[in-house]
Amino acid sequence: MTTTPVYRDERTVAVENASARWGYTVLIFGLLLDVIYRGFLKSGTVTAGASLVQANGDLIGLVCFSSLITTVHQVRHGLWRTWLEPPLRRRLLLVTVLVLGLQVLAAWAILRFLL
């Protein structure tokens, strides 16, 4: 019998795969509806106040929403406990520091080139 803790097992992988399926399903159908909507705008069937180039925020929102669905599914099935285990804790800290660093760099670049 092993004394080392098991961080991932078959159940964990099954829940991760199921949550990814939900997230990607929302992403694909949302993208399909967005393409249909933009097709109507481009063909002139619907009058638009903003250009299509300016309307990319909906795509970013769609990606964030599908990621939220994936996260909620994993939390509902108790997978959040594995996020705090030592191997994943280091990765989570690294990603957090990386994102914060990129935000600071982007803010600096925007202020430098706009002012």
Side-chain angles (χ1 to χ4, degrees):
M1 186 160 146
T2 180
T3 59
T4 60
V6 176
Y7 296 115
R8 292 179 50 121
D9 59 354
E10 295 85 12
R11 182 186 169 277
T12 304
V13 173
V15 170
E16 286 175 351
N17 289 342
S19 65
R21 183 188 62 164
W22 280 104
Y24 290 133
T25 301
V26 167
L27 182 66
I28 293 299
F29 281 109
L31 188 59
L32 176 68
L33 292 175
D34 191 50
V35 167
I36 291 171
Y37 177 73
R38 287 178 186 225
F40 280 127
L41 279 177
K42 194 171 185 180
S43 68
T45 307
V46 178
T47 58
S51 72
L52 292 176
V53 176
Q54 296 174 351
N56 289 329
D58 56 347
L59 297 177
I60 294 172
L62 186 61
V63 169
C64 292
F65 183 65
S66 67
S67 299
L68 178 69
I69 288 178
T70 302
T71 304
V72 166
H73 187 271
Q74 289 180 4
V75 167
R76 282 188 61 206
H77 288 278
L79 217 59
W80 61 273
R81 291 180 198 99
T82 62
W83 296 345
L84 301 177
E85 299 300 334
L88 296 176
R89 190 180 312 147
R90 277 183 245 123
R91 291 180 190 157
L92 185 62
L93 180 64
L94 179 67
V95 168
T96 304
V97 169
L98 181 66
V99 166
L100 289 176
L102 288 174
Q103 287 178 348
V104 169
L105 182 65
W108 174 80
I110 288 172
L111 289 176
R112 172 140 166 80
F113 293 113
L114 290 181
L115 298 179

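The only member of L98, L102, T96, V104 that meets side-chain contact (heavy atoms from CB on, under 4.5 Å) when paired with L100 is T96.
To the nearest 0.5 Å, atom CZ of residue F29 and atom OH of residue Y24 are 16.0 Å apart. Interatomic distance, CG of L33 versus CD1 of I28, reported as 11.5 Å (0.5 Å rounding). One finds the OG1 atom of T70 at 10.5 Å from the CZ atom of F65 (value rounded to the nearest 0.5 Å).
When every heavy atom of R11 is checked against every heavy atom of H77, the shortest pair comes out as NH2-O, 2.6 Å. The heavy-atom pair separating L62 from L27 by the smallest distance is CD2-O, 3.8 Å. Residues G23 and S66 approach most closely at O-CB, 3.2 Å, considering heavy atoms.
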Assess whether side-chain contact (heavy atoms from CB on, under 4.5 Å) is satisfied between R21 and N17, documenting all intermediate values.
CA-CA 6 Å; R21 183 188 62 164; N17 289 342; over 6 Å; no
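Note: the hydrophobic cluster containing L31 also contains V63 (ILVMFWY, side chain heavy atoms under 4.5 Å, direct or indirect links).
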